[in-house]
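The next block holds one structure in the form of C-alpha coordinates; read it before the comments.
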Amino acid sequence: MKKIVIAVALATAQTGSAMAQDLQTVSIGYFPDIWSGTTVAIADQMGFFEEAGLEVDAQRFTAGAPAVAALASGSLDMSYVGLGPMPTIMQGIAEIVGFDNVTYSDQVLVQADSGIENIAGLSGQTVMAPRGSGSQILLYLALEQEGLGPDDIEELGGNPATIVSAMVSGQAPAAALWSPFNAEIAEMAGTQVLISGRDFYPDYVWPGMWIANPGFADDEELLGRALWALQQATTWRAENQQEAAQIAAEMFDLSETAVELAIANTEYFTADDIATAFEDGTVERWMEGVNQQLMLIGNLEEAIPSENFVNGAVYIDVARNGLPE
(Lines give C-alpha, C1' and ligand atoms only; values in the text may rest on other atoms or scores of the structure.)
Protein backbone atom coordinates (compact mmCIF):
# COMPACT_ATOMS: atom_id res chain seq x y z
CA MET A 1 0.00 0.00 0.00
CA LYS A 2 1.28 3.44 -0.88
CA LYS A 3 2.34 5.44 2.15
CA ILE A 4 0.22 8.51 2.77
CA VAL A 5 1.81 11.32 4.73
CA ILE A 6 -0.64 13.07 7.01
CA ALA A 7 -0.51 15.81 9.61
CA VAL A 8 -0.86 14.94 13.27
CA ALA A 9 -3.43 17.68 13.90
CA LEU A 10 -6.34 18.75 11.75
CA ALA A 11 -6.73 22.28 13.06
CA THR A 12 -3.39 23.66 11.94
CA ALA A 13 -2.60 27.03 10.45
CA GLN A 14 -2.34 27.24 6.70
CA THR A 15 1.15 28.11 5.44
CA GLY A 16 2.81 29.31 2.25
CA SER A 17 0.57 30.58 -0.51
CA ALA A 18 -2.56 29.75 1.49
CA MET A 19 -1.66 32.44 4.03
CA ALA A 20 -1.72 35.02 1.29
CA GLN A 21 -5.28 34.17 0.42
CA ASP A 22 -8.33 35.77 2.01
CA LEU A 23 -9.64 32.56 3.55
CA GLN A 24 -12.90 32.42 5.48
CA THR A 25 -12.89 30.39 8.67
CA VAL A 26 -15.46 27.64 9.10
CA SER A 27 -15.66 25.52 12.25
CA ILE A 28 -16.42 21.85 11.63
CA GLY A 29 -16.91 19.11 14.21
CA TYR A 30 -15.57 15.63 13.52
CA PHE A 31 -15.18 12.30 15.29
CA PRO A 32 -11.82 10.46 15.55
CA ASP A 33 -12.89 7.63 13.28
CA ILE A 34 -12.73 6.25 9.77
CA TRP A 35 -15.85 8.21 8.82
CA SER A 36 -15.97 11.95 9.50
CA GLY A 37 -12.43 12.12 10.84
CA THR A 38 -11.10 10.73 7.58
CA THR A 39 -13.33 12.97 5.47
CA VAL A 40 -12.10 16.13 7.22
CA ALA A 41 -8.49 14.92 7.13
CA ILE A 42 -8.64 14.22 3.39
CA ALA A 43 -10.26 17.58 2.67
CA ASP A 44 -7.53 19.28 4.68
CA GLN A 45 -4.51 17.34 3.45
CA MET A 46 -5.52 17.31 -0.21
CA GLY A 47 -6.19 21.02 -0.22
CA PHE A 48 -9.93 20.86 -0.88
CA PHE A 49 -10.75 23.31 1.92
CA GLU A 50 -8.10 25.72 0.68
CA GLU A 51 -9.35 25.41 -2.89
CA ALA A 52 -12.81 26.31 -1.60
CA GLY A 53 -11.37 29.43 0.03
CA LEU A 54 -11.74 28.11 3.56
CA GLU A 55 -9.60 27.81 6.63
CA VAL A 56 -11.12 25.15 8.87
CA ASP A 57 -11.23 25.17 12.64
CA ALA A 58 -11.66 21.40 13.09
CA GLN A 59 -13.07 20.49 16.49
CA ARG A 60 -12.91 16.94 17.82
CA PHE A 61 -15.91 15.26 19.48
CA THR A 62 -16.60 11.71 20.62
CA ALA A 63 -20.38 12.03 20.96
CA GLY A 64 -23.10 13.84 19.09
CA ALA A 65 -24.76 15.68 21.98
CA PRO A 66 -21.78 17.98 22.73
CA ALA A 67 -21.43 18.74 19.02
CA VAL A 68 -25.08 19.73 18.76
CA ALA A 69 -24.72 21.85 21.90
CA ALA A 70 -21.77 23.64 20.28
CA LEU A 71 -23.86 24.26 17.17
CA ALA A 72 -26.73 25.61 19.27
CA SER A 73 -24.37 27.99 21.10
CA GLY A 74 -22.99 29.31 17.82
CA SER A 75 -19.44 28.14 18.50
CA LEU A 76 -19.62 25.54 15.72
CA ASP A 77 -20.85 25.96 12.14
CA MET A 78 -21.13 22.32 11.05
CA SER A 79 -20.61 18.90 12.52
CA TYR A 80 -20.79 15.20 11.84
CA VAL A 81 -23.25 13.21 13.96
CA GLY A 82 -24.91 9.82 14.11
CA LEU A 83 -28.39 8.95 15.35
CA GLY A 84 -27.88 9.85 19.01
CA PRO A 85 -28.74 13.58 18.90
CA MET A 86 -31.42 13.27 16.21
CA PRO A 87 -34.39 14.16 18.52
CA THR A 88 -32.74 17.51 19.26
CA ILE A 89 -31.89 18.10 15.61
CA MET A 90 -35.44 17.32 14.58
CA GLN A 91 -36.71 20.09 16.84
CA GLY A 92 -34.94 22.70 14.70
CA ILE A 93 -31.66 23.11 16.56
CA ALA A 94 -29.78 22.15 13.40
CA GLU A 95 -30.40 21.08 9.81
CA ILE A 96 -29.17 17.97 8.05
CA VAL A 97 -27.29 19.35 5.03
CA GLY A 98 -25.41 16.25 3.86
CA PHE A 99 -24.52 12.63 4.48
CA ASP A 100 -21.18 10.90 4.90
CA ASN A 101 -22.04 7.19 5.08
CA VAL A 102 -24.39 4.49 6.23
CA THR A 103 -22.77 2.12 8.68
CA TYR A 104 -23.61 -1.29 10.09
CA SER A 105 -20.91 -1.13 12.74
CA ASP A 106 -23.31 -1.01 15.71
CA GLN A 107 -23.34 -4.49 17.26
CA VAL A 108 -24.72 -6.43 20.18
CA LEU A 109 -21.77 -8.28 21.74
CA VAL A 110 -21.61 -11.05 24.34
CA GLN A 111 -18.80 -12.57 26.35
CA ALA A 112 -17.60 -15.82 24.79
CA ASP A 113 -18.19 -17.70 28.05
CA SER A 114 -21.56 -16.09 28.82
CA GLY A 115 -23.61 -18.97 27.48
CA ILE A 116 -25.71 -16.49 25.50
CA GLU A 117 -26.11 -17.83 21.98
CA ASN A 118 -28.77 -15.52 20.53
CA ILE A 119 -30.83 -12.43 21.24
CA ALA A 120 -33.47 -14.47 23.08
CA GLY A 121 -30.72 -15.51 25.46
CA LEU A 122 -30.38 -11.89 26.64
CA SER A 123 -33.61 -12.27 28.63
CA GLY A 124 -32.83 -11.63 32.29
CA GLN A 125 -29.24 -10.66 31.50
CA THR A 126 -27.37 -7.39 32.10
CA VAL A 127 -26.80 -5.52 28.84
CA MET A 128 -24.89 -2.23 28.65
CA ALA A 129 -25.64 0.42 26.02
CA PRO A 130 -25.16 4.18 25.83
CA ARG A 131 -28.56 5.83 26.34
CA GLY A 132 -30.10 7.34 23.24
CA SER A 133 -27.41 5.96 20.93
CA GLY A 134 -27.72 4.09 17.67
CA SER A 135 -26.47 1.02 19.52
CA GLN A 136 -29.34 1.23 22.01
CA ILE A 137 -31.69 1.44 19.03
CA LEU A 138 -30.12 -1.70 17.58
CA LEU A 139 -30.53 -3.49 20.91
CA TYR A 140 -34.23 -2.59 21.11
CA LEU A 141 -34.86 -3.59 17.49
CA ALA A 142 -33.19 -6.93 18.13
CA LEU A 143 -35.25 -7.51 21.27
CA GLU A 144 -38.48 -6.56 19.50
CA GLN A 145 -37.70 -9.01 16.71
CA GLU A 146 -37.62 -11.80 19.33
CA GLY A 147 -40.80 -10.66 21.04
CA LEU A 148 -38.89 -9.13 23.94
CA GLY A 149 -38.61 -5.60 25.26
CA PRO A 150 -36.32 -3.52 27.49
CA ASP A 151 -38.15 -4.76 30.60
CA ASP A 152 -36.93 -8.28 29.78
CA ILE A 153 -33.28 -7.35 30.31
CA GLU A 154 -31.30 -5.53 32.98
CA GLU A 155 -30.20 -2.52 30.95
CA LEU A 156 -27.33 -0.36 32.13
CA GLY A 157 -26.21 2.89 30.53
CA GLY A 158 -22.72 4.32 30.34
CA ASN A 159 -20.36 6.07 27.98
CA PRO A 160 -18.36 3.99 25.48
CA ALA A 161 -15.16 4.03 27.56
CA THR A 162 -17.02 2.78 30.65
CA ILE A 163 -18.68 0.01 28.67
CA VAL A 164 -15.39 -1.08 27.10
CA SER A 165 -13.82 -1.28 30.56
CA ALA A 166 -16.75 -3.24 31.98
CA MET A 167 -16.76 -5.74 29.12
CA VAL A 168 -12.99 -6.24 29.12
CA SER A 169 -12.98 -6.85 32.87
CA GLY A 170 -15.90 -9.25 32.61
CA GLN A 171 -18.26 -7.13 34.71
CA ALA A 172 -21.06 -7.42 32.14
CA PRO A 173 -22.05 -10.34 29.92
CA ALA A 174 -23.35 -8.26 27.02
CA ALA A 175 -23.24 -4.80 25.47
CA ALA A 176 -24.40 -2.82 22.46
CA LEU A 177 -21.74 -0.53 21.02
CA TRP A 178 -20.29 0.83 17.79
CA SER A 179 -16.88 0.93 16.09
CA PRO A 180 -14.11 1.40 17.09
CA PHE A 181 -15.20 0.57 20.66
CA ASN A 182 -16.70 -2.83 19.84
CA ALA A 183 -13.48 -3.73 18.05
CA GLU A 184 -11.49 -2.84 21.19
CA ILE A 185 -13.69 -5.16 23.24
CA ALA A 186 -13.41 -7.96 20.71
CA GLU A 187 -9.61 -7.72 20.66
CA MET A 188 -9.20 -7.71 24.43
CA ALA A 189 -12.09 -9.91 25.55
CA GLY A 190 -12.79 -12.22 22.61
CA THR A 191 -16.46 -11.30 22.47
CA GLN A 192 -18.93 -12.67 19.95
CA VAL A 193 -21.40 -10.72 17.81
CA LEU A 194 -25.08 -11.63 18.09
CA ILE A 195 -26.45 -9.07 15.65
CA SER A 196 -25.44 -5.88 13.83
CA GLY A 197 -27.05 -3.01 11.98
CA ARG A 198 -26.59 -4.93 8.73
CA ASP A 199 -29.32 -7.35 9.83
CA PHE A 200 -31.90 -4.55 9.61
CA TYR A 201 -30.76 -2.89 6.38
CA PRO A 202 -32.40 -1.38 4.32
CA ASP A 203 -35.52 -1.00 6.47
CA TYR A 204 -33.45 0.74 9.13
CA VAL A 205 -30.17 2.57 8.64
CA TRP A 206 -27.54 4.12 10.86
CA PRO A 207 -26.49 7.18 8.83
CA GLY A 208 -23.55 9.48 9.42
CA MET A 209 -24.78 13.01 8.72
CA TRP A 210 -23.45 16.52 8.29
CA ILE A 211 -25.51 19.06 10.18
CA ALA A 212 -25.29 22.84 10.29
CA ASN A 213 -26.66 25.45 12.64
CA PRO A 214 -29.55 27.33 10.96
CA GLY A 215 -27.62 30.60 10.72
CA PHE A 216 -24.75 28.98 8.86
CA ALA A 217 -27.16 26.99 6.68
CA ASP A 218 -28.76 30.26 5.58
CA ASP A 219 -25.42 31.38 4.10
CA GLU A 220 -25.79 29.15 1.07
CA GLU A 221 -22.61 30.35 -0.62
CA LEU A 222 -20.40 29.61 2.41
CA LEU A 223 -22.21 26.37 3.21
CA GLY A 224 -21.83 25.35 -0.42
CA ARG A 225 -18.08 25.86 -0.33
CA ALA A 226 -17.76 23.78 2.84
CA LEU A 227 -19.94 21.03 1.38
CA TRP A 228 -17.97 21.08 -1.89
CA ALA A 229 -14.72 20.39 -0.01
CA LEU A 230 -16.34 17.58 1.99
CA GLN A 231 -17.83 16.16 -1.21
CA GLN A 232 -14.44 15.94 -2.87
CA ALA A 233 -13.08 14.10 0.16
CA THR A 234 -16.11 11.81 0.38
CA THR A 235 -15.80 10.82 -3.26
CA TRP A 236 -12.04 10.24 -2.97
CA ARG A 237 -12.57 8.05 0.08
CA ALA A 238 -15.25 5.98 -1.68
CA GLU A 239 -12.82 5.34 -4.53
CA ASN A 240 -9.74 4.78 -2.33
CA GLN A 241 -11.04 2.98 0.75
CA GLN A 242 -7.82 1.28 1.82
CA GLU A 243 -5.79 4.47 1.55
CA ALA A 244 -8.47 6.36 3.47
CA ALA A 245 -8.44 3.68 6.13
CA GLN A 246 -4.69 4.14 6.53
CA ILE A 247 -5.22 7.85 7.10
CA ALA A 248 -7.70 7.09 9.87
CA ALA A 249 -5.53 4.39 11.43
CA GLU A 250 -2.46 6.62 11.60
CA MET A 251 -4.19 9.80 12.65
CA PHE A 252 -6.48 8.33 15.29
CA ASP A 253 -4.40 5.33 16.36
CA LEU A 254 -7.03 2.80 15.29
CA SER A 255 -6.30 -0.90 15.41
CA GLU A 256 -6.26 -3.08 12.31
CA THR A 257 -9.39 -4.82 13.62
CA ALA A 258 -11.24 -1.51 14.01
CA VAL A 259 -10.30 -0.45 10.49
CA GLU A 260 -11.30 -3.77 8.95
CA LEU A 261 -14.61 -3.69 10.82
CA ALA A 262 -15.35 -0.17 9.63
CA ILE A 263 -14.54 -0.94 5.99
CA ALA A 264 -16.55 -4.16 5.97
CA ASN A 265 -19.59 -2.58 7.63
CA THR A 266 -19.92 0.76 5.88
CA GLU A 267 -21.53 2.00 2.69
CA TYR A 268 -19.16 4.68 1.41
CA PHE A 269 -20.86 7.07 -0.99
CA THR A 270 -19.63 9.43 -3.66
CA ALA A 271 -21.06 12.95 -3.71
CA ASP A 272 -23.19 11.94 -6.70
CA ASP A 273 -24.60 8.98 -4.73
CA ILE A 274 -25.64 11.26 -1.88
CA ALA A 275 -27.13 13.91 -4.18
CA THR A 276 -29.16 11.18 -5.88
CA ALA A 277 -30.34 9.91 -2.48
CA PHE A 278 -31.66 13.39 -1.73
CA GLU A 279 -33.39 13.57 -5.10
CA ASP A 280 -34.99 10.13 -5.42
CA GLY A 281 -36.64 9.87 -2.00
CA THR A 282 -34.01 7.62 -0.41
CA VAL A 283 -33.20 10.17 2.30
CA GLU A 284 -36.89 10.60 3.06
CA ARG A 285 -37.24 6.82 3.50
CA TRP A 286 -34.16 6.78 5.74
CA MET A 287 -35.70 9.47 7.92
CA GLU A 288 -39.01 7.61 8.14
CA GLY A 289 -37.05 4.70 9.55
CA VAL A 290 -35.13 6.98 11.90
CA ASN A 291 -38.43 8.29 13.27
CA GLN A 292 -39.50 4.72 14.01
CA GLN A 293 -36.14 3.91 15.60
CA LEU A 294 -36.28 6.92 17.91
CA MET A 295 -39.86 6.25 18.95
CA LEU A 296 -38.87 2.67 19.77
CA ILE A 297 -36.41 3.80 22.46
CA GLY A 298 -38.74 6.49 23.74
CA ASN A 299 -36.71 9.46 22.49
CA LEU A 300 -39.47 10.71 20.24
CA GLU A 301 -43.23 10.80 20.91
CA GLU A 302 -44.42 11.11 17.33
CA ALA A 303 -42.90 11.14 13.86
CA ILE A 304 -41.53 14.44 12.53
CA PRO A 305 -41.62 15.02 8.75
CA SER A 306 -38.15 15.07 7.22
CA GLU A 307 -38.80 18.40 5.49
CA ASN A 308 -38.73 19.98 8.96
CA PHE A 309 -35.04 19.20 9.50
CA VAL A 310 -33.50 18.02 6.21
CA ASN A 311 -32.23 20.54 3.67
CA GLY A 312 -30.42 18.91 0.77
CA ALA A 313 -30.79 21.73 -1.76
CA VAL A 314 -27.30 23.16 -1.37
CA TYR A 315 -25.69 19.71 -1.34
CA ILE A 316 -27.46 18.81 -4.59
CA ASP A 317 -26.60 22.12 -6.24
CA VAL A 318 -22.90 21.85 -5.42
CA ALA A 319 -22.71 18.18 -6.42
CA ARG A 320 -24.33 18.95 -9.76
CA ASN A 321 -22.80 22.35 -10.54
CA GLY A 322 -19.48 22.47 -8.72
CA LEU A 323 -17.83 24.98 -6.42
CA PRO A 324 -19.93 28.13 -5.92
CA GLU A 325 -18.50 31.17 -7.73
Side-chain angles (χ1 to χ4, degrees), residues 31 33-36 38-39 64 78-92 94-106 133-135 137-138 141 178-179 196-212 217 220 223-224 226-239 241 244 262-297 299-300 302-322:
F31 285 30
D33 55 32
I34 198 171
W35 302 292
S36 63
T38 313
T39 303
M78 295 179 62
S79 186
Y80 175 89
V81 294
L83 286 183
M86 276 298 293
T88 304
I89 294 167
M90 294 163 111
Q91 299 301 325
E95 297 179 12
I96 296 174
V97 294
F99 287 83
D100 184 85
N101 65 80
V102 166
T103 178
Y104 320 116
S105 74
D106 292 87
S133 67
S135 292
I137 290 171
L138 172 65
L141 285 172
W178 62 90
S179 181
S196 77
R198 186 180 293 276
D199 295 293
F200 293 94
Y201 183 83
D203 294 326
Y204 298 102
V205 297
W206 280 257
M209 300 161 284
W210 291 108
I211 61 173
E220 295 186 359
L223 172 64
L227 285 175
W228 179 87
L230 294 172
Q231 286 178 0
Q232 307 315 299
T234 299
T235 298
W236 187 91
R237 184 190 58 192
E239 296 171 350
Q241 292 184 30
I263 292 177
N265 292 286
T266 301
E267 295 287 346
Y268 292 110
F269 303 119
T270 65
D272 181 68
D273 293 333
I274 297 169
T276 299
F278 275 120
E279 293 169 326
D280 68 7
T282 296
V283 168
E284 184 177 356
R285 290 192 296 274
W286 284 349
M287 293 303 106
E288 289 173 356
V290 167
N291 270 287
Q292 296 301 315
Q293 289 164 277
L294 294 172
M295 288 190 288
L296 179 66
I297 63 171
N299 280 14
L300 200 64
E302 60 182 7
I304 299 177
S306 60
E307 58 263 29
N308 288 19
F309 57 91
V310 176
N311 181 4
V314 176
Y315 193 101
I316 294 169
D317 181 62
V318 174
R320 301 301 184 222
N321 301 312

- prompt: Can you list the steps and then say if Gln91 with Ile304 is a side-chain contact (heavy atoms from CB on, under 4.5 Å)?
  reply: CA-CA 9 Å; Gln91 299 301 325; Ile304 299 177; 3.4 Å; yes
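- Glu220 places none of its side-chain heavy atoms less than 4.5 Å from the side chain of Asp317.
- Within the model, atoms OG1 of Thr103 and OH of Tyr268 stand 7.0 Å from one another, a figure rounded to the nearest 0.5 Å.
- Using modelled atom types, one finds a donor on one side chain and an acceptor on the other under 3.5 Å when comparing Arg285 with Thr282.
- In terms of modelled atom types and a separation under 3.5 Å, the side chain of Ser79 and the main chain of Ala212 share no donor-acceptor contact.
- Summarising the geometry, atom CD belonging to Gln292 is positioned 11.0 Å from atom CG belonging to Asp203; distances are rounded to the nearest 0.5 Å.
- Leu83 has its side chain within reach of Val290: a pair of non-hydrogen atoms, C-beta onward, lies under 4.5 Å apart.
- Residue Thr235 comes nearest to Ala271 through the heavy atom pair OG1-N, 2.9 Å, listed as atom of the first residue, atom of the second, then distance.
- Between Met90 and Asn291, the closest side-chain pair of non-hydrogen atoms falls below 4.5 Å.
- To the nearest 0.5 Å, atoms OG (Ser196) and CG (Asn265) are separated by 5.5 Å.
- For the pair Met78 and Leu230, the minimum side-chain heavy-atom distance is below 4.5 Å.
- Taking each heavy atom of Ala264 and Arg198 in turn, the nearest pair found is O-NH2, 2.6 Å.
- Taking the side chain as every heavy atom from C-beta outward, Met86 and Asn299 never approach each other to under 4.5 Å.
- Side-chain N/O atoms of Thr39 and Asp100 include a donor and acceptor closer than 3.5 Å.
- A 4.5 Å side-chain heavy-atom check between Trp206 and Phe200 finds at least one atom pair inside the cut-off.
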field: Worked verdict on Tyr204 versus Ile137 for side-chain contact (heavy atoms from CB on, under 4.5 Å)
entry: CA-CA 10 Å; Tyr204 298 102; Ile137 290 171; over 6 Å; no
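- A 6.0 Å sphere centred on CD of Glu267 holds more than 12 heavy atoms belonging to other residues, nucleotides or ligands.
- In this model, a donor atom of one side chain and an acceptor atom of the other lie less than 3.5 Å apart for Ser135 and Asp106.
- Interatomic distance, Ile89 CD1 to Asn308 CG, rounded to the nearest 0.5 Å: 13.5 Å.
- One finds the OG1 atom of Thr88 at 10.5 Å from the CG atom of Leu300 (value rounded to the nearest 0.5 Å).
- At least one side-chain heavy atom of Arg320 sits under 4.5 Å from a side-chain heavy atom of Asp272.
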message: For Phe99 and Phe269: C-alpha separation, side-chain torsions, deciding distance, then whether ring-ring contact (aromatic ring centres under 6.0 Å, His included) applies.
response: CA-CA 9 Å; Phe99 287 83; Phe269 303 119; 8.3 Å; no
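- Residue Arg237 comes nearest to Ala244 through the heavy atom pair CG-CB, 3.4 Å, listed as atom of the first residue, atom of the second, then distance.
- Side-chain contact between Ile274 and Gln231 is absent, with no heavy-atom pair separated by less than 4.5 Å.
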- prompt: Hey, mind stepping through Leu296 and Leu141 against side-chain contact (heavy atoms from CB on, under 4.5 Å) and telling me if it holds?
  reply: CA-CA 8 Å; Leu296 179 66; Leu141 285 172; 3.5 Å; yes
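- Atom CD1 of Ile297 and atom OG of Ser133 lie 7.0 Å apart (nearest 0.5 Å).
- Defined by atom type and a distance below 3.5 Å, a donor-acceptor pair is present between the side-chain atoms of Thr266 and Trp35.
- Under the 3.5 Å distance criterion, with hydrogens and angles disregarded, no donor-acceptor pair is assigned to the side chains of Asp273 and Thr276.
- Smallest separation of non-hydrogen atoms from Ala275 and Ala319: CB-CB, 3.8 Å.
- Judged by distance alone, the side chain of Ser36 and the main-chain N or O of Phe31 form a donor-acceptor pair under 3.5 Å.
- Using bins of under 30°, 30° to 60° and over 60° for the plane-to-plane angle, the ring pair Tyr315/Phe278 lands in the tilted bin.
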